[in-house]
Amino acid sequence: MACLDHASKERLATFCTNENIKVLWQEPMKEHTSFKIGGPAAAMAVPKDCGQLAKLMRFAAEQKVPVWYLGNGSNLLVSDEGLDGLVILLDGAFDGEITVEDKVLVAPAGKKLSAVCAAACAASLTGLEFAFGIPGSVGGAVYMNAGAYGGEMKDRLLWAEYLDLQGNLHHVPAEKLGLSYRHSCFMLPEYAGACIVRAAFLLEQGDKQEIQRQMDDIFSRRKEKQPLEYPSAGSTFKRPQGAYAAQLIDECGLRGFTVGGAQVSKKHAGFVINTGNATCEDVLELTRQVSEKVKKEKGYELQLEVRLLP
Ligand SMILES: Cc1cc2nc3c(=O)[nH]c(=O)nc-3n(C[C@H](O)[C@H](O)[C@H](O)COP(=O)(O)OP(=O)(O)OC[C@H]3O[C@@H](n4cnc5c(N)ncnc54)[C@H](O)[C@@H]3O)c2cc1C
């Protein structure tokens, strides 16, 4: 795949001007990731709706420009060299508002889960309380099948819509999305370039105050257990079958283990935190050493939950 050389940048700039799509150049990814790590994206476009997004995707495919989708950047580790291509940011303003009809809540991909949970609560709909406090967007949460406190997207997702590389819209029922623990079909090569644009959740009628109470409770448990005062990407490793990554890391004496600016959180050994000036290389070296020790002492293979870009 080509990268963004001078000529492709000019073509992209002209295209975005003509289509009225906002584009930023050499945009530091550390400003867009919860880890506060990552070199510049050669270009970052911010489409307003599916129409603009589809045109942008078709243009990038024709020009063979590498593309990455960015939700809220809360599960990403971006290289220190940055991304030599086009990052497409689906922010909260993308494609309109959350709607609720009967027990079905429909949200554009850029909406934050906190906004979705708040909308469900306002409509006295229960089922998404578990997601309150996961700092992701709807698109990122579907892509990751995000979950917590005994719930996951899979439990409540009714359908999702995505655009393929040619900008065609697909409407897919949740059971066809290959959702399992921190996995969706969107991670498979057949779906390369697919961009989730909307998702619908099937909820149940509940009591507004009780829903709010549960969300508050979950949020205070997060604040108590997780190092939210430091930049991170949440749980660094997936839960291995039959064990907990944090416990294995802890039992290996790695709580507080540090490489450069990256550290295994002293508060929660499942989180790698950025203590100030961590680089992507610091985090990778730290996770390599942690994995090696856990494998040697405990016999478990740890796999990264955090997504590496590029
Ligand atoms: C403090 C903290 C706590 C966390 N707690 C949890 C937790 O309890 N449970 C949990 O599951 N996760 C947790 N996370 C991780 C993260 O919030 C989730 O994985 C979340 O779903 C990621 O969403 P995002 O919008 O930030 O995705 P991003 O980080 O922006 O992207 C993640 C991946 O999804 C892809 N992607 C994003 N949007 C789209 C789209 N529209 N179409 C196609 N692909 C897309 C990206 O390309 C990337 O590969 C936590 C993170 C932090 C920092």
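Quantities reported herein were computed from a predicted structural model and do not represent experimental measurements. Atoms within each ligand, like the ligands themselves, are counted from 1 in listed order.
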Exercise. Could you tell me whether Asn145 and ligand 1 have an N or O pair separated by under 3.5 Å?
Key: no
Quiz item: So, Lys267 side chain and Gln226 main chain: donor-acceptor pair closer than 3.5 Å or not?
Solution: yes
Quiz item: Between Trp68, Tyr69, Phe35, which one has a non-hydrogen atom sitting closest to atom 45 (C) of ligand 1?
Solution: Tyr69
Quiz item: When you measure from the side chain of Arg198 to the backbone N and O of Glu161, does any donor-acceptor pair fall under 3.5 Å?
Solution: no
Quiz item: Quick check: does any side chain N or O of Lys293 sit under 3.5 Å from a backbone N or O of Lys298, one acting as donor and the other as acceptor?
Solution: no
Quiz prompt | Candidates Glu152, Arg182, Lys154 - the one meeting side chain to side chain donor-acceptor pair (under 3.5 Å) with Asn145 | solution = Glu152
Practice problem: Mind checking ring-ring contact (aromatic ring centres under 6.0 Å, His included) for Tyr300 and listing every partner two or more places apart, or none if nothing turns up? | Solution: none
Exercise. Would you mind listing which atoms of ligand 1 come within a distance below 4.0 Å of any non-hydrogen atom of Ala148?
Key: 8 (O)
Self-check item: Numbered atoms and elements of ligand 1 in range of Gly147, under 4.0 angstrom, heavy atoms
Solution: 7 (C), 8 (O), 9 (N), 10 (C), 11 (O)
Quiz prompt | Side-chain donor or acceptor of Asn274 paired with backbone N/O of Phe35 under 3.5 Å | solution = yes
Quiz item: Atoms of ligand 1 less than 4.0 Å from Arg182 heavy atoms?
Solution: 11 (O)
Quiz item: Nearest protein heavy-atom contact for atom 39 (C) of ligand 1: which residue, which atom, what distance?
Solution: Gly139 C, 3.9 Å
Practice problem: Mark yes or no for whether Asp216, through its side chain, and Phe219, through its backbone, hold a donor-acceptor pair below 3.5 Å. | Solution: no
Quiz item: Which ligand 1 atoms are under 4.0 Å away from a heavy-atom of Ala194?
Solution: 43 (C)
Quiz prompt | ligand 1 contact on Ala233 by region, counting heavy-atom pairs under 4.0 Å | solution = backbone
Self-check item: Glu210/Arg213 salt bridge by N-O under 4.0 Å criterion
Solution: yes
Self-check item: Per-atom contacts, ligand 1 versus Leu90 - under 4.0 Å to a heavy atom
Solution: 41 (N)
Quiz item: At what distance is the nearest protein heavy atom to atom 49 (O) of ligand 1, and which residue and atom is it?
Solution: Tyr143 CE2, 3.4 Å
Quiz prompt | atom 29 (O) of ligand 1 [closest protein heavy-atom partner, distance rounded to 0.1 Å] | solution = Asn75 N, 2.8 Å
Quiz item: Counting from 1, what ligand 1 atoms have a heavy atom of Gly140 closer than 4.0 Å?
Solution: 21 (O), 23 (O), 24 (P), 25 (O), 27 (O), 37 (C), 38 (N)
Exercise. Among all protein heavy atoms, pick the one closest to atom 28 (P) of ligand 1 and tell me residue, atom and distance.
Key: Gly73 N, 3.6 Å
Self-check item: Heavy atom of Glu152, distance to ligand 1 below 4.0 Å
Solution: no
Quiz item: ligand 1 and Ala109, any nitrogen or oxygen pair closer than 3.5 angstrom?
Solution: no
Exercise. Run the contact test for Lys112 against ligand 1 with a 4.0 Å cut-off on heavy atoms, strictly below, and give the result.
Key: no
Self-check item: N or O contact, Gln226 vs ligand 1, cut-off under 3.5 Å
Solution: no
Quiz item: Are side-chain N/O atoms of Tyr143 and Arg307 paired as donor and acceptor at under 3.5 Å?
Solution: yes
Self-check item: Proximal ligand 1 atoms for Met144, defined as those under 4.0 Å from one of its heavy atoms
Solution: 19 (O)
Quiz prompt | Subset of ligand 1 atoms that lie under 4.0 Å from at least one heavy atom of Leu228 | solution = 1 (C)
Practice problem: Among all protein heavy atoms, pick the one closest to atom 22 (C) of ligand 1 and tell me residue, atom and distance. | Solution: Ser74 OG, 3.5 Å
Self-check item: Shortest protein contact, atom 41 (N) of ligand 1 (heavy atom only)
Solution: Ile196 O, 2.9 Å
Quiz item: Would a distance-only check, ignoring hydrogens and angles, find a side-chain to backbone donor-acceptor pair under 3.5 Å from Ser184 to Leu179?
Solution: no
Quiz item: Where the closest heavy atom to atom 12 (N) of ligand 1 is concerned, which of Ile218, Ile134, Leu163 has it?
Solution: Ile134
Practice problem: Go through the side-chain N and O atoms of Glu27 and His32 and say whether any donor and acceptor fall under 3.5 Å apart. | Solution: yes
Quiz item: Is it true that a side-chain atom of Asp282 and a backbone atom of Thr279 form a donor plus acceptor pair closer than 3.5 Å?
Solution: yes
Quiz item: Which protein non-hydrogen atom lies closest to atom 5 (N) of ligand 1, naming both residue and atom, and how far is it?
Solution: Arg222 NH1, 3.2 Å
Quiz item: Are the side chain of Asp102 and the backbone of Val104 linked by a donor-acceptor contact shorter than 3.5 Å?
Solution: no
Quiz item: How does Ser34 reach ligand 1, by side chain, by backbone, by both or by neither, if only non-hydrogen atoms under 4.0 Å count?
Solution: side chain
Exercise. Determine whether the aromatic ring centres of Phe271 and Tyr230 lie less than 6.0 Å apart.
Key: no
Practice problem: Report yes or no: does Tyr181 contribute a side-chain atom to a donor-acceptor pair with the main-chain N or O of Arg239 at less than 3.5 Å? | Solution: yes
Practice problem: Starting from atom 4 (C) of ligand 1, find the nearest protein heavy-atom neighbour and note its residue, name and distance. | Solution: Pro135 CD, 3.6 Å
